[in-house]
Amino acid sequence: MTIILNGKELALKITDDIKISTAEYSDKPKLAVISAGENPASLIYIKNKQKKASELGFESFVINLPNNVSEDNLLENIFILNEDKNINAILVQLPLPEHINKQRVLDAIEPVKDVDGFTSFNFGRLALGYKPYAYPCTPKGILRLLTEYNINLEGKNVTVIGRSNIVGKPLSLMLQMKNATVTLAHSKTQNLKEHCLNSDIIISAAGVENLIRADFVRDNTVLVDVAINRTSSGLKGDVDFINVSPKCSYITPVPGGVGPMTIAMLMENTLELFKLQKSLFL
Ligand code: GUN
């Protein structure tokens, strides 16, 4: 029997709890988003983040900068947000325009306001096995979803496909900390099929439609599909869901799997930073 990992349902449960916790405070957590350029997918993500933040009683706003914004202008905006005591969480939406030094911009964020955990400070702590102020949202959401369904990671062979700084790289570190045996596969990996067939758990964040087919998956595999590919027939993950899902013990749908969990974790991180800053500054 195949069980659907229902991220939408779990995300709602989590955000309902966040809403209740938030209502206990007289002031509100405040999230600032910086966006540069007009990436269509980013614009949708940002709208969804803002909608959820407002539902939970958070304050949020977006600073929209043009595609030709200078790096100095971006940095200046971050410095202002860092100084503003009313702002608890700063998110720089990725990707940034090509001419911008992405890590230089991310590293300008005050680590205690780094809601994505993408600064060298927080990512470095994660890599060294220490707690960052915030864990990257998508990996955190995936681990929460697996925990909710009591899927044990200890000693398991896990293949993560995609080595991005947003998903694959931090996720591989977090899985290792849970004592999984991690293979981090990527576009140059040879014999991806063999790696997948040797895996108890496959987590695909490649952005390639139908990358994971039925012959890549052994019986009772746990499959997490992180990708959102915009195709002529709507949103699709990396997995050929119809043919692969019957072989899986657990599988995420797209949409309704990892996506809602990412937004829920962003809200959780915002609330945690808000609480942390109260304890540090008051
Ligand atoms: N672009 C795609 N996913 C993310 C994310 O989790 N955080 C940020 N900042 N940008 C993204």
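Quick caveat, the model's predicted, so the values are computed rather than measured. Order of appearance sets the numbers: ligands from 1, and atoms from 1 within every ligand. One is the number of the first residue; the rest follow in order along the sequence.
Salt bridge absent: Glu272 and Lys278 never bring a charged side-chain N and a carboxylate O closer than 4.0 Å. Contact check on Asp200 versus Arg218 returns a salt bridge, with a Lys/Arg side-chain nitrogen under 4.0 Å from an Asp/Glu carboxylate oxygen. Ion pair Arg104/Glu71 flagged as a salt bridge, since at least one NZ, NE, NH1 or NH2 atom sits closer than 4.0 Å to an Asp/Glu carboxylate oxygen.
Closest protein heavy atom to atom 11 (C) of ligand 1: Gln93 NE2, 3.5 Å. Nearest protein heavy-atom contact of atom 10 (N) of ligand 1 is Leu94 N, 3.1 Å. Among protein heavy atoms, the minimum distance from atom 3 (N) of ligand 1 is reached at Ile166 CG2, 3.9 Å.
If you number the atoms of ligand 1 from 1 as listed, the ones under 4.0 Å from a heavy atom of Val92 come out as 8 (C), 9 (N). Of all atoms in ligand 1, listed by their number and element, those nearer than 4.0 Å to a heavy atom of Leu91 are 9 (N).
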ask   = Step by step, would you call Lys52 with Glu55 a salt bridge (charged side-chain N to carboxylate O under 4.0 Å, His left out)?
value = CA-CA 5 Å; Lys52 187 54 76 178; Glu55 276 172 30; 3.1 Å; yes
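A donor-acceptor contact closer than 3.5 angstrom links the side chains of Ser120 and Asp107.
Of the listed options Asp116, Ile263, Ile228, Asp116 places a heavy atom closest to atom 8 (C) of ligand 1.
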